[in-house]
Each structure stands twice: as structure tokens, then as C-alpha cells.
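What's counted below: heavy atoms across the whole structure, side chains too, no hydrogens, waters or symmetry copies. Residue numbers start from 1 in every chain, and the chains themselves are labelled A, B, ... in the order their sequence lines are given, proteins ahead of strands. Model, not experiment: these values are computed from the prediction.
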There are 2 protein chains.
Amino acid sequence: MQRATGRGAAAAAPRSVDVARLAGVSQKTVSRVFNDEQYVSAEVRRRVLEAAEELGYRRNNAARALASGRTRAIGVVTLGTALYGPASLLMGVERAVRDNGYALRVVNTVEGDPAGVAGAVGSLLDQGVDGIVISEPIDERGRADTQDPQDTQATQDTQATQSRRDRQDAADEGRRRQEAGGSTRLRVDVPVLVLSAPSPVVAPSVLTAGHGADRMARVATEHLLRLGHVTVHHLAGPQRWYAARDRLEGWRTALMTHGASVPPVIEGDWSAASGYAAGRALAADGDVTAVFAANDDMAIGLIRALTEAGLRVPQDVSVVGFDDIPVAAFVTPPLTTVPQPFDAVAQEGLRRLVHVIENPEAPPLPASDPPADLVVRASTAAPPVRRNRAR
Amino acid sequence: MQRATGRGAAAAAPRSVDVARLAGVSQKTVSRVFNDEQYVSAEVRRRVLEAAEELGYRRNNAARALASGRTRAIGVVTLGTALYGPASLLMGVERAVRDNGYALRVVNTVEGDPAGVAGAVGSLLDQGVDGIVISEPIDERGRADTQDPQDTQATQDTQATQSRRDRQDAADEGRRRQEAGGSTRLRVDVPVLVLSAPSPVVAPSVLTAGHGADRMARVATEHLLRLGHVTVHHLAGPQRWYAARDRLEGWRTALMTHGASVPPVIEGDWSAASGYAAGRALAADGDVTAVFAANDDMAIGLIRALTEAGLRVPQDVSVVGFDDIPVAAFVTPPLTTVPQPFDAVAQEGLRRLVHVIENPEAPPLPASDPPADLVVRASTAAPPVRRNRAR
DNA sequence: CTGAAAGCGCTAACAC
DNA sequence: GTGTTAGCGCTTTCAG
């Protein structure tokens, strides 16, 4: 392909040689200036910058990537939903990626698509990225420990430049997943960060962050227990989501730790509508005095159903949500809920991911647990002295 | 840079020549197969695909971009907020971009950042994209027609291929913004699609889509008027947002068309908290019987304040929201609101953007207006017969 | 401190 | 139908 030259047509974009010519230096020197390398005299640097500015020069990223083997981009796999949690996390990731000097490439997985995460990761690998963030993956099959041949597979390839840890992983052939059907294998040869879930892929370097919703769920449940409720019901999120399972686990742990009975779980789909449906069922059960909903939307739907059934929140039934969505403080009654530290999780995760990308030889940075807070508002109170039936 | 070769170390990623060698064809033929070009015999194609699969071959996108001058990527500039509207629009854009066979690159603008949209667009241009989507840009200075030297600048190259509407924009030299400080100008030399706002940049080809919130706001306001309200108050969004101005405009138009008085506007910041504050002020005004809030979050905060002040919604005051967020149907009372056609806007916008990218010479595709619906729930009703003071 | 030469892996003409 | 030849605009050696 020849550079466009026709007059009349917009001039082709200036290249580094053009800048070099104008500044009276070699092309390599221009490259040095733009890469902030040392050993360039201040005078030359100034001249180069000036020439570049005059020409409106902009580095060609494709050429850079081709020559250097690095894209300076990080890909993120998201769920393609505008739900408050995932959307907030994505925004946090964008900011963290940018703060670290990388560009962001986004691919959504379509819920229900069998290719799922594997397909999205593949597409990112096609585009070229130096690292991948998988945000809140779901597992079409259900439980985390399920062996799922349809799930993401990955073979791996050690490079000469892998870290200790990577080499270990690479050596661990047992981890290598064989494709069930025998079609192509997905090679993930860049570091991966998995947010709010255990890793669904095997890659040279896998980090996880924000996988602590269980602790937060425990705090929420214990708040209710401490208020005097005999036990706490749980309106769970769809169990394909690791995030939903985490919360359920935390709830169960809290109940068991406190010797409370573990009532059957109701599973919603994160929507207020599903919370509403669950609320109608729960309202029929006179024993229910406290419910921990896996997100605020469901909690709001739940409260509406309870209210319509003539139950007062919190006098008759206490409800705790999860997320602390923007309207949580303004619904009726204002919702007691657990705020999620999306930005903190994204920031810390990215700091660690970038560290691995840029220092493959160095030991990975340690992870730290995000805080588990609770915002107490007006949807929770002590249980009613006694309702219609004795327990 | 040399390809890694050490034995023991994993082989470097396979290239098309490797595939060619294995398949016993030329490298160009491999390229043909992967680009779905014609004139490749079925037999050869099969052999190539097989060899590629065996090697785990993956095209190098940087090389492709460098050689072809096309990145097959579209960049989107977003606001970096998890607000329901912007987040939904982003998801719609992602899907539309992917459906069109492009990759997505995302850059957020930081609200309040002077570089703003210009900086984000520049970063996208650095990365290399074939087209840019600017989603709900805001204008730090306020009104749309304000001359803002700090805002996005762009030089333009009108092409012979503009639509009527686009050509108008481009021809309108008055809109061309000169840089205040005299530093470099931002050259946007790829087509741009601006969502839910008039264009803040001048580029060779500028399209707009989803810029019809005024019609929807009009419908919302008229619903209230038709219910018998003498006038309708407006709780506006921050006026730096074009989306907020559009809604205000639609509201005002509806009032004027119907000969209703135009009460002073209260400006919120999209948050439920700001809606709550506005609600307290409005509650003190005995004449208020109907309020159109520029989004649902504010409407919810507003309703809470009204309720706390002893006013019943909708018996004393009717409230209409905007967006139809997931919980809108489940708050108390269920909210009458205007759903936004995010996916439709994104899809149509992208279809047109991709058309311009791939057929620069052809006339642009026509835009179509999205529908303006209204979901009537329980937050609106006829005004009270009369309240404390006569009008 | 600076420069020359050699690719990175692919697509784009143009032969055959 | 298929192969050959040149680059795309950088970064990377390796010389000075």
C-alpha cells in the first residue's frame, strides 16, 4: 500500500521521519524523544517536539505494536449489562487502566452464549492486548467446582520471559485443560485478572481480586441476627454468577456460625421484578422476619411485595440489600445495604496486573482484602415481638 | 526485535508463513483464506484452515492494521459514570460495534477535566480507530451555543459525502472553535457519531443519533397537562449535559404549546439526593401539582421528600420520571416514566457510522427518529380539586 | 549522546 | 487460482 499523495486529498498523516527531517535529526532520535528515553540532549528534544507539534505528528500505534510486540492495551471481558454492579466495576476498570497508561478494549459476553468467556477472551487475543481483565464471569453450568467442558479452556505456552510463578503454572500440566470436543484450543498467553470470582481460565499468570463478597454478606446477615432475628432468609442472585454464590456462602456461614437455622434459599435474577415475586412468596410465610437480598434492586421489589401484602418494613420484616445503588437511600423505607468497593477493587487489581505485565520476572504483588461495610438505614429493625403463629 | 527462538522456551506465536509452510501454499494464500477472499479452491482453503488450527494460528492485528491502514476498531468516548442512561447506552454501543464486526476501544472523560472530550478523542486517535462514537458529551460551559475555547477543538475537512444535515453542521463555520491558547489543533480525521447531543467536534464526517429527548420530554409533560394539571414543574438535569437541555427544551415547548405558564426550573445533578433537595423546596410551594423530573433517580428522591412533607403522590402531586430504570416499577408509588431506546439508538447510529467508514463515497444513510413512549404507572393522576390557595 | 540497518507480520498491487 | 515483490511506520540491535 502506497501512502496517499494526491493533492486535494487530505495529506497523509505525518510520520516520524517527517518529524526527523524537519528537526534535522535521525528518525531514531524522534523515537527516542517520544519514548522518553534518556540520552537525548535537551536542545534536540525541544527541536523534535517542536517539529512534531508543527506537523501534528501522532505515533502510529499499530507500527509500534508490531515492532515492539506490546500493544499497551488491556482487554476487559464484561457481561454486557447496565446493572449497577457490573457497570460500576467497568467504569472503575476503565479509570484504573487509563491511570496505568494503558488503553482499554472491551468485549461483552452474551449471557447464555455457549462460547461465553472463551469467545470473548479469544476476540481480545485477536485484537492484541497485553493483559486481560475478566469482570464477574458467570458459569453457565452452575456451581464453581463443576467440571465444565463447555467452559473456558486454555492451553498455555511458557515464554522465555515468564515469571517464576508463570513457569510453575506452565509446568503444572495437570492444570492444562483438554478440549472436550476436540476443536481448537484457546491459548491465553497474557496475564489475566479475574474480578469478583475465582478464575475460569488457565493462563500463564492469573490474579484474582474483589472476591470477597462472602465477607460482606456475612456482615449483612450478622447485622440482622444481632438485631434479634431468629434467622435470616436469603433472596439470592442467579447462581450462575460467582458473585451470587459468594453472597449466598457468606449468608450461610453467618447463620451457621451463630447457630441459626438455614432456611431454603429463593433465587432471583437480580431484577426488582424477581424480588417482587420472591416477596409475594415470603409474605405468605408468617415466620419470615428478616431477609437479606443479594442486591438492592431485588430488595426494592421485595419490599414492594411485602408492603402490598400488608407487612410493614421494618416493623414486621427487616430487609437488607447489597450494592448501595444511588437511590437506595431514597426509596421507602431507605434501604440498609452493603456498599461495594468497586473502584478500590479495580484499582488494586489493575495495579497488580500491570505489575505482572511489566515485571514478569518479579514476584507478584500481594492482594489485600477490601473492607466490608454496612450502611444502616431504615429497612432494618428488631423483629416484631411475635406474629401470628408461635415458633 | 528478533523472534524468540530458545528451545525449552515455548515457540513464539505462529505466523502466517508457518501456516503456509505447513499447508504447502504461499503466505499470500493463507492471507486470502483468512480474509475470506474469493479465488481459493475449497481444497486449499481446507488445508490452510487445518494447518492454522494445528498451529493455533491467530492473525496479528497490529501487522494487519499497519499494512492496511485500517484498525477495524471503533472508539467510544463515555462519561465514566455508572448512571443507568450512560451505562445502558455504552452496552448498546458495545453490542452494535461487535455486531458490525468491529472491536471496541473505550475512553472515559473525567467530568470537570478541561481537556475533556478533546483529550479523550485524542487518546482514541493515538490508539488508532476507524471511527469514533461520542456518547452523551457534556459541555463544561453550560449552554450549547456558548463559545467555549477550552472545549473540544477540531479542524475539519469537509468531504463531498455529507448528508444534508451533516453538511449543514460542517458548513457552519461559526461553530468552528479555535483553540484559545494557540497550541496544536486536534485533527479528527475519522468519521464521528455523536449520541444524544449535537456534535461538539468538527470532523470529516459527523453523524448524530438519539438526539430526540426533547420529543420524549414533550410527551411526558403533555401527559400531565392532559391529566388536568394547570402547569408542570421541571426538575432538570445538570445543564452542562446536552441530554438535560434537550429534556428541558421539550418540557418548555409542551407548556408553551398548550398555553401553560412556565414555572422556574430547578436544576438537579441526576442524583436521588438532588431530587430530594428539590422535593423539599417544591413541597413548600402549595401550587405545585405536577413535576416532570429529568431522570428516575431524581424523581425517586423527589417523591421521598414530598412524602415526608405529608404530600401524597399522586393524589396531591403527580411525578413523571425519565429513563425507566429497572426499579421504576417497584418503588412506591410505581413510577410513570419515559423509557429510552438505548439499544435502538446505538444500533442505528452504528449502522450509519459503519456505513460511512466503509463507503466514504456513498451518501450517508438517513437517520430515523426513535419512538417517544411513556409508561404510565401510579405516580401520576389528575390534580387535587384545589389545595390551600386559589390560583 | 546519535545514527544506520534490519526487521516485526501482514496486505496490496501485480505478475503468472 | 496462486505466487512475488514491496512496503506499512515503528522499535531494536549494534555502531560510532
For DNA chain D, whose closest nucleotide is more 5', that of V40(B) or that of A63(B)? V40(B)
Return the 5'-most residue of the pair V25(B), K28(A) with respect to DNA chain D, ranking by each residue's nearest nucleotide. V25(B)
Does a nitrogen or oxygen in the side chain of [X] sit under 4.0 Å from OP1 or OP2 of [N]?
X: S31(B); N: dC10(C); result: no
X: T29(B); N: dG1(D); result: no
X: Y57(B); N: dC10(C); result: yes
X: S68(A); N: dC10(D); result: no
X: S16(A); N: dC10(D); result: yes
X: N61(A); N: dC10(D); result: no
X: R15(A); N: dG9(D); result: yes
X: S26(B); N: dT2(D); result: no

R105(B) side-chain N/O to R105(A) backbone N/O, donor-acceptor pair under 3.5 Å: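 Flag not set: sc R105(B) to bb R105(A) has no pair under 3.5 Å.
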For Q347(A), does its backbone N or O pair with a side-chain atom of R352(A) as donor and acceptor, under 3.5 Å?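 No: the side chain of R352(A) does not pair with the backbone of Q347(A).
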CD1/I74(A) to CG/N100(A) distance, rounded to the nearest 0.5 angstrom? 6.5 Å
Of all residues at least two apart in sequence or in a different chain, which pass the side chain to side chain contact (heavy atoms under 4.5 Å, CB included) check with T78(B)?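 With sequence neighbours excluded, T78(B) shows a side chain to side chain contact (heavy atoms under 4.5 Å, CB included) to V76(B), L90(B), V106(B), N108(B), S135(B), given in chain and number order.
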Atom-pair distance ([atom1] on [X]; [atom2] on [N]), nearest Å:
X: Y39(B); N: dA13(C); atom1: OH; atom2: P; value: 17 Å
X: E37(A); N: dT2(C); atom1: CD; atom2: P; value: 12 Å
X: L125(A); N: dG9(C); atom1: CG; atom2: P; value: 16 Å
X: N35(A); N: dT2(C); atom1: CG; atom2: C1'; value: 15 Å
X: L66(A); N: dT11(C); atom1: CG; atom2: C1'; value: 12 Å
X: R64(B); N: dC8(C); atom1: CZ; atom2: C1'; value: 16 Å
X: R72(A); N: dT11(D); atom1: CZ; atom2: P; value: 7 Å
X: R45(B); N: dG1(D); atom1: CZ; atom2: P; value: 11 Å

Tell me, with the steps shown, if R21(B) and R15(B) meet side chain to side chain contact (heavy atoms under 4.5 Å, CB included). CA-CA 10 Å; R21(B) 195 149 33 220; R15(B) 300 154 302 165; 4.2 Å; yes
Give the nucleotide from the list dT11(C), dG1(D), dT2(C) with an atom nearest to the side chain of A67(B).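 Out of dT11(C), dG1(D), dT2(C), the nucleotide with an atom closest to A67(B)'s side chain is dT11(C).
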Please list, pair by pair, any protein nitrogen or oxygen found under 3.5 Å from a nitrogen or oxygen in nucleotides 14-16 of chain C.
none

For R98(B), check salt bridge (charged side-chain N to carboxylate O under 4.0 Å, His left out) against everything at least two apart and list the hits.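 By the salt bridge (charged side-chain N to carboxylate O under 4.0 Å, His left out) rule, R98(B) matches E94(B).
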Hey, which of T109(A), V107(A), V77(A) is the one that makes side-chain contact (heavy atoms from CB on, under 4.5 Å) with S123(A)? V107(A)
Check: L207(B) and V194(B) side chains under 4.5 Å, non-hydrogen atoms: no
Any base atoms under 4.0 Å from V17(A), or only sugar-phosphate, or nothing? Heavy atoms, all strands. nothing
